[in-house]
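A quick write-up on the structure given underneath.
Excluded from the calculations below are hydrogen atoms, water molecules and symmetry mates; all remaining heavy atoms, backbone and side chain alike, are included. One-based numbering, in listed order, for ligands and for the atoms of each.
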Amino acid sequence: EKGNYRHFMQKEIFEQPTVVAQTLGSYLRQADNSVALPQLDFDISEIRRLTIVACGTSYYAGMVAKYWFEHFARVPVDIDVASEFRYREPVLEDGGLALFISQSGETADTLAALRHCKANGQVIGVVVNVPTSTMAREADLLLPTHAGPEIGVASTKAFTCQLAVLAALAAHMAVKKGLMNREEEQSVVSHLLETPACLNAALDHDDDIASMAHLIAPARDVLYLGRGQDYPLAMEGALKLKEISYIHAEGYASGEMKHGPIALIDDEVPVVVIAPSGPLFEKTVSNMEEVRARGGKIVLISDAEGLEEAGEGCMATIEMPKVHPLIAPLVYAIPVQLLAYHVAVVKGTDVDQPRNLAKSVTVE
Ligand code: M6R
């Protein structure tokens, strides 16, 4: 079943151009570059508040989507991990949409949070990869990802497919609220449709990433930094690395470095910086300088423009294609996944079945 791949995780990473295209294909109409969501039996333009709840990697997809819902649809978004959400007292007013994101559709805490929101009058939307799952059955609005079965415990293709669905939903909401005109919709959709080609371009760097894995494998701690919508990716990168390579890793917002974690930096701590060129790039470069001044070893993931400006003096660089900011989180997920994968391979851990973990967490 693994074909020519050594692990399911590797196979699933490489499936992403195909499954993201499949997923986008069911939410976007290529003929006229429009968003095409299933018929909703509520008026999405009337939604006053969005609550997003998920766990692990699915939670990070939700964190990226928060930026999109705020930016495009101008809707207030509350997001939390399910295990926290269900034990606080979230204020759920009528007229809210609660979105649950889950590969399996069975995660116990996420399901409990869903039932809590349902009992409190929220419209229930779910983004799940298993269309026959419990969450799918209990939803008012089912938005499936078409990633196909994900076997590796480390979630990869489900994540990028979740992002694809959430981007389409944010654009749809913006259109319905009159915040995105036809021309803007066409532009957003055409950028989304460029994603599979950009994912392929990112996958072309597999060999480069494999050959730098030995630089990370001996580390005891690794920091990941990102800003804006790349901040959740920093956390996703850290989760992926710790989960399969057992190296301690933390994801931080670049600007938070000087509020504590910079104390950890010395020449033993690799710092992976996720920073496409753009308006926030300069700020991240100055955070990189702070790391470098303390002997930190930087792995910079950026595009040609970013590497040209800040690549010098890095321990390693990974070049991504220049992409529209909207799709950057999908494209930059690839090097982050590949880096974790190759480091785990160097360390010889059980990539598909890491210790202490289960694919579907059906207990609290
Ligand atoms: O099936 P779900 O998406 O609800 O699972 C959520 C998390 O358990 C999951 O993403 C977990 O964090 C992964 N092992 C991460 O790679």
Less than 4.5 Å apart, side chain to side chain, heavy atoms only: is that true for Y59 and I79?
yes

Could you tell me whether the side chains of T57 and E236 share a donor-acceptor contact shorter than 3.5 Å?
yes

Hey, does L24 have a side-chain heavy atom less than 4.5 Å from the side chain of V20?
yes

Assess whether atom NZ of K177 is packed by more than 12 heavy atoms of other residues, nucleotides or ligands within 6.0 Å.
yes

Check this for me: Q30, atom CD, are more than 12 non-hydrogen atoms of other residues, nucleotides or ligands nearer than 6.0 Å?
no

Is V153 near ligand 1, meaning one of its heavy atoms is under 4.0 Å from it?
yes

Please list, in number order, the atoms of ligand 1 under 4.0 Å from a heavy atom of S58.
2 (P), 3 (O), 10 (O)

Near A154, which atoms of ligand 1 are under 4.0 Å from a heavy atom of that residue?
16 (O)

Report yes if some N/O of Q162 lies less than 3.5 Å from some N/O of ligand 1; otherwise report no.
no

Quick note on ligand 1: atoms under 4.0 Å from a heavy atom of S155 include exactly 15 (C), 16 (O)

Who passes side chain to side chain contact (heavy atoms under 4.5 Å, CB included) against R88, sequence neighbours left out?
D78, D80, F85, P90

Could you find the nearest protein heavy atom to atom 9 (C) of ligand 1 and give me its residue, atom name and distance?
T57 N, 4.1 Å

Distance alone, cut at 3.5 Å: any donor-acceptor contact between the side chains of D352 and H7?
no

The protein heavy atom nearest to atom 8 (O) of ligand 1 is V361 CG2, 4.1 Å

Identity and separation of the nearest protein heavy atom to atom 14 (N) of ligand 1:
E243 OE2, 2.4 Å

Looking only at protein heavy atoms, what sits closest to atom 5 (O) of ligand 1 is T107 OG1, 3.5 Å

Linked hydrophobic residues, V19 as query - side chain contacts closer than 4.5 Å
none

4.0 Å heavy-atom contact, K240 with ligand 1
yes

Considering heavy atoms of the protein only, find what lies nearest to atom 7 (C) of ligand 1 and give residue, atom and distance to 0.1 Å.
C55 O, 3.7 Å

Would one find more than 12 heavy atoms of other residues, nucleotides or ligands at under 6.0 Å from atom NZ of K283?
no

Looking only at non-hydrogen atoms, the one of S133, A340, A108, G56 nearest atom 12 (O) of ligand 1 is G56

For S102, the ligand 1 atoms with a heavy-atom partner under 4.0 Å come out as 1 (O), 2 (P), 3 (O), 4 (O)

